[in-house]
**Q** 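Quick one: the structure is below, and I'll ask about it shortly.
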Amino acid sequence: MQLTTPETKVYDTVFPGENWFFFWRTSPSLWETKLAEYQGPGPIFVPIFWGLHCEQPNQWDFGNHRPETDLKKLYETAKKLGKDIALLLPLSPSPFLPNGGLPSHLARTLAVGKKDLAVAAIDNDGRLNKLFSFFDPRVFQAFRDFSNGLGRFLSENAVACEVYGVDSQYLDGNSCSSFFEDRSLAFERGFARYLVQLKESSELPEGISENSREFEELKSSYAEQIKGLYEACCGETLAANWSGTIKFGFLGAGPEDIFSRSSEHWDNSESNFEALLKMVTLGVVPNSALLSPESKKEPLAKALKDVVNESFIRSHMQNELYDDDYSASFTPVVFFDLVSSGAGLSSYEQTGLLSFLHRQYPWAYRILADIDLEQDESYEQKTRFFAGADLDHAKFNKLLRLLLNGSKVFLDTVGMPEELDKKLNVFIIENNLNVEKINFVSPISKIQLGEGSIITYQSEKIIDAPLNKKLKFWETITAFLKVKHLRVNTDDQVYFFWNSRASNAYELNYEEIRRVSLYNATSYKKKAHIVSAKNFAFLKTVDQKNVEVKSTPIGIDVQLLPGGSVSLDFGYYE
Amino acid sequence: MKNKMRLKLIYRIINNEQSEGGQEDSLVEVTNLFSDSGTLPGKTLDSVYQKYRFHSGPALLFKTLEDMGQFAQETAQETGAEQVLVLSNVDFNIGLGNCHDARGVREIFNSYGRPIDNPDSSQKRGGIFNKFFN
């Protein structure tokens, strides 16, 4: 059976990516038409362009003088059309806005990246947006005043939509970094003041050198504190509307992208695919607002639609309540959460865990700074990895809670605070838990409590092993999890991504429906094969474009022509 | 006419606290090196960098600007590029501050970059037959 979903308009200058509405790029008289035409996922995100509302210091215009700044009109127009909108207030320099969003009188110190290069991004029309530092005290003071003015405007005009903070991020190797972080003169001056404060309060570690890891950690800690001030300011001034912060990752905004995107001969199509899927694993919402219509052609456009769908977006909106409508929608398949706020990530890399997961369960894992067990409905089904080096009391308590709830948890004990190590041992003795111990590459302990288990290992014993031994280690140690999944073999540069949803009233033979979407990012013919497995039944193909699908007893053969894409649905039964 | 490949290189000066004798000196780090069509293969860079390597990390560090210039020239020879346009991060940042679009970014290297020619390419250009056939 073949199905095709209706296609939405791929590119529009006022809807440059997913559900974002750049209202200032069109006349207010066209807002109603544009919003009425919009058929993408909800809610419609409306970024607040600080520089647009503030042409003079300490003077805000929300429609008093210029109609293009009239947020009340925009809100009422959306309401009239029955469209759900959420305002987005940037809490970091924004790569999609001129001056990174700052009013021109505040655009003084260019933000500087990790390699001491000024930070800028090229937007979807080829314009260069230079980003300015948020560490300038004048910027913070003006932001506080603006946020205050915005809060007053929203409450006085009964604009009852949610306001989310935007932490704009970019892909930097295997992790995402915030545009907030910078190494400009404004940052260095602020950091120097912070060091003086630490010294005065005797909190500065003695003999700390400028190139040391501790010094870099102090810089990160200072940056986090300043970022926290911006967020706290919004919480105070926008109290009634404030809904928290969402991390958005911008495709084409990485430190190298300014060179590739300004070149006429550099092909970015593959890197955008890789970045899109990596961002999903890193827990940020990918956004394609910076990409030009030429680079957003098929199959990337389809991948964006498949991956950044409504249920995915809503799952990142902290205040969204669980809604049955969305449980019936496809969301990314996630088997593993790798919890790390720093040191853990390098341990996951060096022990070959990331390589193993990427080979065995591509893009079906998440790397998270922390986990929120209240927000995650499917937490019992996932396996969690914790790194002892960045374990604190709060995370440790979550780890025990997961065990008590029947989850499987892996714990790297290297660098684990002694206090927590003792606490774990006391927990084992007090509860008279069964502990199995074996030695395979690393000493391994399996602590069992009902359905739940904690498997401890020591990363330092694995790091120096050759890659194939590392992969074998992870294959063996995770075998008992019995993860039910279909294996996909593809040619190079064929990307695929798994989504799943609960079965509906017409699919009662199945527990859930899994959908794999395949994309050929090249201009060559490519092949893919989905290997048949017990407990899975092939149901149908969806959105077949330049693709041939053939079902055989050993699996599904897929031939993808250049730019081809297809989704295949499988029913999973126990 | 045949399109000549040019490389673009950005470097920065960094403090080296771990120098011998504990005295602070500086190092040169190549932060970006690419051609118009993409980044250079890691293997190519590794093989050229081998003779300058004095540390075990992944960064392209040099003890002097001259070493870095020599490395740039050898990379041009290895890749067959006609020229390398070399720019410090400070000059790049000044250039970026003055441009407004993608074309402006491309022009930064042409306007502010110091060209280092590939001697192989210059020799070829200098030959009498090349004047006729290139």
Side-chain angles (χ1 to χ4, degrees), chain A residues 98-100 107-133 172-173 182-185 207-216 252 254-271 290-292 294-295, chain B residues 3-19 22-40 42 55 57-61 85 87-110 112-113:
Chain A
N99 294 334
R108 298 184 192 200
T109 315
L110 276 171
V112 174
K114 287 171 192 162
K115 290 181 176 175
D116 293 336
L117 294 185
V119 184
I122 292 169
D123 76 5
N124 58 354
D125 283 328
R127 285 180 296 247
L128 184 75
N129 291 330
K130 287 167 245 178
L131 274 54
F132 291 84
S133 178
D172 188 12
D182 97 75
R183 294 290 180 264
S184 64
L185 201 58
I208 190 164
S209 80
E210 277 195 27
N211 286 346
S212 64
R213 214 184 86 196
E214 289 84 359
F215 200 73
E216 280 307 309
E256 313 290 329
D257 289 332
I258 190 165
F259 304 115
S260 61
R261 297 189 59 216
S262 62
S263 168
E264 289 166 319
H265 312 287
W266 203 322
D267 182 14
N268 299 303
S269 50
E270 275 176 55
S271 62
L290 293 177
L291 300 185
S292 64
E294 298 79 48
S295 55
Chain B
N3 191 16
K4 298 281 185 185
M5 182 170 79
R6 285 199 299 183
L7 303 181
K8 292 164 183 178
L9 180 153
I10 304 176
Y11 70 90
R12 65 172 173 174
I13 309 288
I14 55 171
N15 287 335
N16 177 27
E17 282 190 343
Q18 287 146 4
S19 61
Q23 284 191 329
E24 197 169 294
D25 60 4
S26 53
L27 294 173
V28 183
E29 182 187 1
V30 171
T31 56
N32 302 78
L33 179 52
F34 53 92
S35 73
D36 285 335
S37 52
T39 48
L40 301 183
H55 64 104
L60 295 172
L61 294 174
L85 292 168
L87 200 58
S88 71
N89 67 312
V90 178
D91 289 341
F92 176 80
N93 291 350
I94 292 168
L96 196 75
N98 293 328
C99 64
H100 305 283
D101 53 20
R103 182 188 289 189
V105 177
R106 286 198 295 273
E107 285 305 310
I108 295 175
F109 288 89
N110 295 332
Y112 301 90

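So that the names make sense, note that chain A is the first sequence line, chain B the second, and so on, each numbered from 1.
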**Q** Under a 4.5 Å cutoff for heavy-atom pairs, which residue among A:G126, A:P98, A:P255, A:S260 has the most contacts with chain B?
**A**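 Looking at each option in turn, the highest pair count goes to A:G126.
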
**Q** Sort B:D36 into side chain, backbone, both or neither according to what part of it lies under 4.5 angstrom from a heavy atom of chain A.
**A**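 When you check distances to chain A, atoms from both the backbone and side chain of B:D36 fall under 4.5 Å.
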
**Q** Please flag which part of B:S35 lies under 4.5 Å from any non-hydrogen atom of chain A: side chain, backbone, both or neither.
**A**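 It is the backbone, since no side chain atom gets that close.
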
**Q** Check this for me, if you would: do A:K115 and B:E29 make a salt bridge, where the nitrogen-to-carboxylate-oxygen distance has to be below 4.0 angstrom?
**A**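 Result for this pair is no, no salt bridge flagged.
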
**Q** Between A:F259 and B:F92, how do the two ring planes meet: parallel, tilted or perpendicular, split at 30° and 60°?
**A**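 Correct class here is tilted.
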
**Q** Answer yes when A:R261 and A:D257 have at least one side-chain N-carboxylate O distance shorter than 4.0 Å, and no when they do not.
**A**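 A salt bridge is absent here (no side-chain N lies under 4.0 Å from a carboxylate O).
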
**Q** Between B:I14, B:T39, B:V90, B:L96, which has the largest tally of heavy atom pairs under 4.5 Å with chain A?
**A**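 Option with the greatest count: B:L96.
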
**Q** With a 4.5 Å limit on heavy-atom distance, are the side chains of B:T31 and B:N89 in contact?
**A**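 Side-chain contact under 4.5 Å: no.
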
**Q** Under a 4.5 Å heavy-atom cut-off, does chain B meet the side chain of A:L117, its backbone, both or neither?
**A**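 A:L117 touches chain B through backbone and side-chain heavy atoms alike.
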
**Q** With a 4.5 angstrom heavy-atom cut-off, which part of B:I10 approaches chain A: side chain, backbone, both or neither?
**A**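 When you check distances to chain A, only side chain atoms of B:I10 fall under 4.5 Å.
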
**Q** Is a salt bridge present between A:E216 and A:K114, judged by a nitrogen-to-oxygen distance below 4.0 Å?
**A**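 A:K114 and A:E216: not salt-bridged.
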
